[in-house]
Amino acid sequence: MGDYGVVVLDFETTGLSPLSGDRVIEVGAVLVENNVVTDRFQSLMNPGMRVSRFIEEYTGISNEMLRDAPPVGDVMQRLTAFLDRHHLVAHNASFDQRFLDAELSRLQLRRKAEFACSLLVARRLYPEAPSHSLGALVNYRKLKTDGVFHRALADAEMTAGLWTAMIRELKSDYRLKRVPFAVMQRLMKLPKRNVPDYLRKLADEQD
DNA sequence: TGCCAGGCCCTCTTTAGGGCCTT
């Protein structure tokens, strides 16, 4: 015990911008407790609009699949229950955060949990990686996948795999006893050159 | 029909521009 629980989540959407009218079409989320996945949530959602051919091909989610899916609002209510009060993690979190907040706002709900971003942490821990896209990082760290990409639950599972791998490596490489959520949030914002010093000092403080 | 974001981060920087990420 002593580690935090976080929910790693991923949205598939009709496009890049909720302010331009884009909606969510699928959510995948995994609960990570003590650095192990202990629960999962996944659902397609009917956004009330047709998705473009590009999105159909990018995600493999067709308009036909969405036709009989539950409305976004129903799924977001169930997702809120799953999120409970856990902190949140996503790859390029600002994207998922914008969509989550936009959909909650339509329900007159507000997010209470804080986000951390696996992309921003990975840029600091693996500056030499050829790319910091989720797929590239999964290859770079040789993480297990089921070969599915750009579906919400598969991407959430891969992001969780990356997140837990980074925490394990922080513990082993810097002899950290604990890697609290606040430390990951701090890493997101730290200038790259300050990261090694910060982690060494943190290890000293934990001794 | 046609339109289409935002934040991070580097650099030939700060009176800016452009690539990377997310769908």
Side-chain angles (χ1 to χ4, degrees), chain A residues 6-30 42-66 69 72 75-76 79 83 87-106 111 113-141 143 145 148-163 165-166 184-196 198:
Chain A
V6 299
V7 169
V8 183
L9 83 163
D10 182 77
F11 286 115
E12 305 305 316
T13 71
T14 63
L16 291 173
S17 172
L19 288 179
S20 302
D22 287 317
R23 303 292 306 272
V24 295
I25 58 173
E26 187 183 39
V27 60
V30 298
Q42 181 275 335
S43 183
L44 291 171
M45 296 171 262
N46 187 328
M49 59 194 275
R50 287 187 65 81
V51 301
S52 67
R53 174 67 67 84
F54 173 82
I55 292 297
E56 285 190 315
E57 292 179 353
Y58 184 80
T59 64
I61 299 169
S62 66
N63 283 290
E64 185 175 2
M65 291 164 67
L66 295 175
V72 173
V75 176
M76 295 303 294
L79 175 66
L83 298 183
H87 287 317
L88 305 173
V89 172
H91 199 68
N92 199 13
S94 65
F95 177 87
D96 297 278
Q97 178 181 322
R98 276 196 299 277
F99 275 97
L100 177 61
D101 291 350
E103 296 296 353
L104 289 179
S105 174
R106 287 171 178 264
R111 168 177 56 90
E114 295 179 27
F115 264 95
C117 176
S118 55
L119 169 63
L120 293 181
V121 176
R123 278 183 179 157
R124 285 156 177 79
L125 297 190
Y126 312 129
E128 72 289 352
S131 158
H132 296 88
S133 70
L134 181 59
L137 286 166
V138 162
N139 286 331
Y140 183 72
R141 295 313 304 145
L143 303 175
T145 79
V148 177
F149 296 87
H150 306 308
R151 284 300 299 267
L153 185 58
D155 282 7
E157 299 261 14
M158 286 189 287
T159 302
L162 173 63
W163 189 254
M166 291 194 295
M184 299 298 267
Q185 286 184 307
R186 182 92 176 91
L187 280 172
M188 285 165 50
K189 299 171 183 172
L190 216 54
K192 275 180 193 165
R193 66 182 179 281
N194 296 347
V195 167
Y198 168 73

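We name chains A, B, ... by the order of the sequence lines, and we start the count at 1 in each one.
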Considering only atom [atom1], compute the distance from [N] to [M] and round it to an integer number of Å.
N: B:dG6; M: B:dT1; atom1: P; result: 26 Å
N: B:dC20; M: B:dT15; atom1: P; result: 26 Å
N: B:dT22; M: B:dC4; atom1: C1'; result: 15 Å
N: B:dG18; M: B:dC12; atom1: P; result: 14 Å
N: B:dG2; M: B:dG7; atom1: P; result: 30 Å
N: B:dC3; M: B:dC8; atom1: C1'; result: 26 Å

Going 5' to 3' along DNA chain B, which are the first and last nucleotides with any atom under 4.0 Å from a heavy atom of chain A?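 Reading along DNA chain B, I get B:dA5 to B:dT23.
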Can you check whether A:Gly28's main-chain N or O pairs, donor with acceptor, with A:Asp10's side chain at less than 3.5 Å?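 Absent.
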Within residues 114-128 of chain A, which residues have any heavy atom lying less than 4.0 Å from an atom of DNA chain B?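 Residues of residues 114-128 of chain A that come under 4.0 Å of DNA chain B are, in numerical order, A:Leu120, A:Arg123, A:Arg124.
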By a strict heavy-atom criterion of less than 4.0 Å, which residues belonging to residues 92-103 of chain A are in contact with DNA chain B?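 Of all residues in residues 92-103 of chain A, the ones placing a heavy atom under 4.0 Å from DNA chain B are A:Asn92, A:Phe95, A:Arg98.
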First locate atom [atom1] of [X], then atom [atom2] of [Y], and finally report the distance between them rounded to the nearest 0.5 Å.
X: A:Tyr140; Y: A:His132; atom1: OH; atom2: NE2; result: 8.0 Å
X: A:Leu187; Y: A:Arg124; atom1: CG; atom2: CZ; result: 8.0 Å
X: A:Arg53; Y: A:Ser62; atom1: CZ; atom2: OG; result: 11.0 Å
X: A:Met166; Y: A:Leu125; atom1: CE; atom2: CG; result: 6.0 Å

Just say parallel, tilted or perpendicular for the rings of A:Phe54 and A:Tyr58, cut-offs at 30° and 60°.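 A:Phe54 vs A:Tyr58 ring planes: parallel.
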Sorted by first residue and then second, give each side-chain hydrogen bond (donor to acceptor under 3.5 Å, both in side chains) pair with at least one member in residues 18-28 of chain A; sequence neighbours left out.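 Listed by first then second residue: A:Thr14-A:Asp22, A:Ser17-A:Ser20, A:Arg23-A:Glu103, A:Glu26-A:Gln42, A:Glu26-A:Arg151.
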Considering every strand and a 4.0 Å limit on heavy-atom distances, what is the contact class for [X]: base, sugar-phosphate, or nothing?
X: A:Thr14; answer: nothing
X: A:Asp22; answer: nothing
X: A:Leu19; answer: sugar-phosphate

If you look at every heavy atom in A:Ala93 and A:Cys117, which pair is closest and at what distance?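 Closest approach of A:Ala93 to A:Cys117: N-SG, 3.4 Å.
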Which pair of heavy atoms, one from A:Asn63 and one from A:Val51, lies closest together, and at what distance?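 Looking at all heavy atoms of both residues, the closest pair is OD1-N, 2.8 Å.
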Which is more 5' along DNA chain B, the nucleotide nearest A:Ser17 or the one nearest A:Pro130? Just name the residue.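 Residue closer to the 5' terminus by nearest nucleotide: A:Ser17.
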Residues which pass side-chain hydrogen bond (donor to acceptor under 3.5 Å, both in side chains) with A:Arg111, listed by chain and number, not counting sequence neighbours: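 Counting only residues at least two positions away or on another chain, A:Arg111 forms a side-chain hydrogen bond (donor to acceptor under 3.5 Å, both in side chains) with A:Asp101.
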If the condition is side-chain hydrogen bond (donor to acceptor under 3.5 Å, both in side chains), which residues does A:Asn139 pass it with, not counting sequence neighbours?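 A:Asn139 satisfies side-chain hydrogen bond (donor to acceptor under 3.5 Å, both in side chains) with no other residue.
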